Chemist: 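The structure under discussion is supplied below as structure tokens; questions concerning it will follow.
In this text, all values refer to a predicted model and were calculated from it rather than measured experimentally. We count residues from 1, following the sequence as given.
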Amino acid sequence: MAGFREYKIGSRLFAGALAGSMCITLLWPSINIASVASTQIALAKQLSVGHETGFNLDDPFLQGKNKPDEITLRVDPKSGKPLPAAMSVYVYQPGTPFPAGILHPRILGEGVQELSVEQGHITDAKKDQGAVFALNKGSFNGKELDYIEDLTTTKGWTPADVMRVSKDEDISEAGKGKTMFVREGCWWCHTLLPEETQDWQVFGAPPMLGDFNGESPTAFGSDRKAPDLLHVGSRNSSKEWMMMHFFNPRLVQPHSIMPRFDYLWGEKDASGKKIDYDKWRADYNDYREGKSVNPPEVPSYASDSDIRSLIDFMLSLK
């Protein structure tokens, strides 16, 4: 009987220790995270990516539907006059779901929530009418913070106004591109989370608390077989290199084990010409076997191709 009593005492002590550990690990951080103000990175990410990126009823087959566009705006869309400096705006066409921070301003955190609602008027945005958002800076309790501004309410800029004065090269489809990142399983091998170890020297600084408010999913990844990509757009901003790497990784890294993603080009190139994949691969095999000096050229992608969106997302990771 004495041994059984000791067993009960030990079990209770173990249960208490486990409960305390879970409380410290899960409950306390959730309270702290809910009170953390969104950083500029968090606000920009959720505006560029939009609502839920994983499986959802708006895009059940992960085709990148109902996503916003990020526009580098150079002229006032109402007057047509040049702006003092180019600015980034996020265009949500009518019917495009808003990100979590617009739907639930509380998650923006103290200060950012008040500024976004009172000065940015984000609660006036209407999904059925669409909206144009941008980041602005304001002061809350003496502290400078970034907040979201609904330019459709404050300036009268509509999605149609902005798209009318925008050129294709000024449009980033990073929001759709993150859907491609999730759908194609890039996160199976790549992470979006540099660790606080030697990662600093190679992949850049780890994210800060407040960098993920409103983002879903974060797509951290869990098993790194390939380089971390959180800052890949800062390490390599070459669109041409990205094209070669995705079409056939062996073009830029001969021993790469990454699969080809050439099918994301679709059937036609930028000029509307049908892409002959069989000929391209035959020419590449000749190059690999030393029968030709140069590899075949990678076809330019069409503006509505999936690879354009994925590369836009890669280049947005800075």
Chemist: Go through the structure and list residues passing side chain to side chain donor-acceptor pair (under 3.5 Å) with Arg224, not counting sequence neighbours.
Modeler: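 Only Thr191, Asp199 meet the side chain to side chain donor-acceptor pair (under 3.5 Å) criterion with Arg224.
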Chemist: Using a 3.5 Å distance criterion without hydrogens, assess whether the side chain of Lys178 forms a donor-acceptor pair with backbone atoms of Ser309.
Modeler: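 The answer is no, because no donor-acceptor pair under 3.5 Å joins these two groups.
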Chemist: Can a salt bridge be assigned to the pair Asp161 and Arg164 using a cut-off of 4.0 Å between side-chain N and carboxylate O?
Modeler: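 Salt bridge flag = yes for Arg164 with Asp161.
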Chemist: Does Asp286 use its side chain to pair, donor to acceptor, with the backbone of Ser292 at less than 3.5 Å?
Modeler: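 The answer is no, because no donor-acceptor pair under 3.5 Å joins these two groups.
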Chemist: Please confirm whether the backbone N or O of Gly210 pairs with a side-chain atom of Thr39, one donor and one acceptor, at under 3.5 Å?
Modeler: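 Pair found, side chain donor or acceptor close to backbone of Gly210.
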Chemist: Quick one: which residue pairs count as a salt bridge (Lys or Arg N to Asp or Glu O under 4.0 Å) with a foot in residues 43-61, not counting sequence neighbours?
Modeler: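 Applying salt bridge (Lys or Arg N to Asp or Glu O under 4.0 Å) to every pair that reaches into residues 43-61, excluding sequence neighbours, yields Lys45-Glu215.
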Chemist: Give a yes or no answer on whether the side chain of Lys225 reaches the backbone of Trp188 with a donor-acceptor pair at less than 3.5 Å.
Modeler: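 Flag set: sc Lys225 to bb Trp188 pair under 3.5 Å.
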Chemist: Taking Glu297's backbone N and O only, do any of them form a donor-acceptor pair with Trp280's side chain (distance below 3.5 Å, no angle check)?
Modeler: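 Pair found, side chain donor or acceptor close to backbone of Glu297.
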Chemist: Mind checking whether Trp241 and Leu251 sit in one hydrophobic cluster, side chains of I, L, V, M, F, W, Y counted as touching below 4.5 Å?
Modeler: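 As far as the 4.5 Å side-chain criterion goes, Leu251 and Trp241 are connected within one cluster.
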Chemist: Do Asp276 and Lys274 sit within salt-bridge range, that is, some charged N less than 4.0 Å from a carboxylate O?
Modeler: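 Lys274 and Asp276: not salt-bridged.
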Chemist: Regarding Asp269 and Ser271, is there a side-chain donor-to-acceptor distance under 3.5 Å anywhere?
Modeler: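 Checked: Asp269/Ser271 side chains pair up, N/O donor to acceptor below 3.5 Å.
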Chemist: Check this for me, if you would: do Asp168 and Arg308 make a salt bridge, where the nitrogen-to-carboxylate-oxygen distance has to be below 4.0 angstrom?
Modeler: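 Result for this pair is yes, salt bridge flagged.
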Chemist: If you look only at distance, which donor and acceptor atoms sit under 3.5 Å apart when one is on a side chain in residues 132-140 and the other is two or more places apart or in another chain?
Modeler:
| unit_1 | atom_1 | unit_2 | atom_2 | d |
| --- | --- | --- | --- | --- |
| Asn136 | ND2 | Glu149 | OE1 | 2.9 |
| Lys137 | NZ | Asp146 | OD1 | 2.9 |
| Lys137 | NZ | Asp146 | OD2 | 3.4 |

Chemist: Mark yes when over 12 heavy atoms from residues, nucleotides or ligands other than Leu57 sit less than 6.0 Å from its CG; otherwise mark no.
Modeler: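 Counting neighbours around CG of Leu57, 12 or fewer heavy atoms of other residues, nucleotides or ligands fall under 6.0 Å, so no.
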Chemist: In plain terms, say whether Asp128 and Lys126 are close enough for a salt bridge, that is, a side-chain N and a carboxylate O under 4.0 Å apart.
Modeler: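 Judged by the 4.0 Å cut-off on N to carboxylate O distance, Asp128 and Lys126 do not form a salt bridge.
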Chemist: Do Thr153 and Asp124 have a side chain donor and acceptor closer than 3.5 Å?
Modeler: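 No donor-acceptor contact under 3.5 Å links the two side chains.
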Chemist: Using a 3.5 Å distance criterion without hydrogens, assess whether the side chain of Glu118 forms a donor-acceptor pair with backbone atoms of Leu115.
Modeler: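 Here the side-chain-to-backbone pair does not exist.
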Chemist: Do the side chain of Ser48 and the main chain of Ala44 share a donor and acceptor less than 3.5 angstrom apart?
Modeler: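 Such a contact is found between Ser48 side chain and Ala44 backbone.
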Chemist: Using the rule side-chain contact (heavy atoms from CB on, under 4.5 Å), only one of Phe247, Tyr301, Tyr263 pairs with Ile307; which is it?
Modeler: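 Going through the options one by one, the only one that passes is Tyr301.
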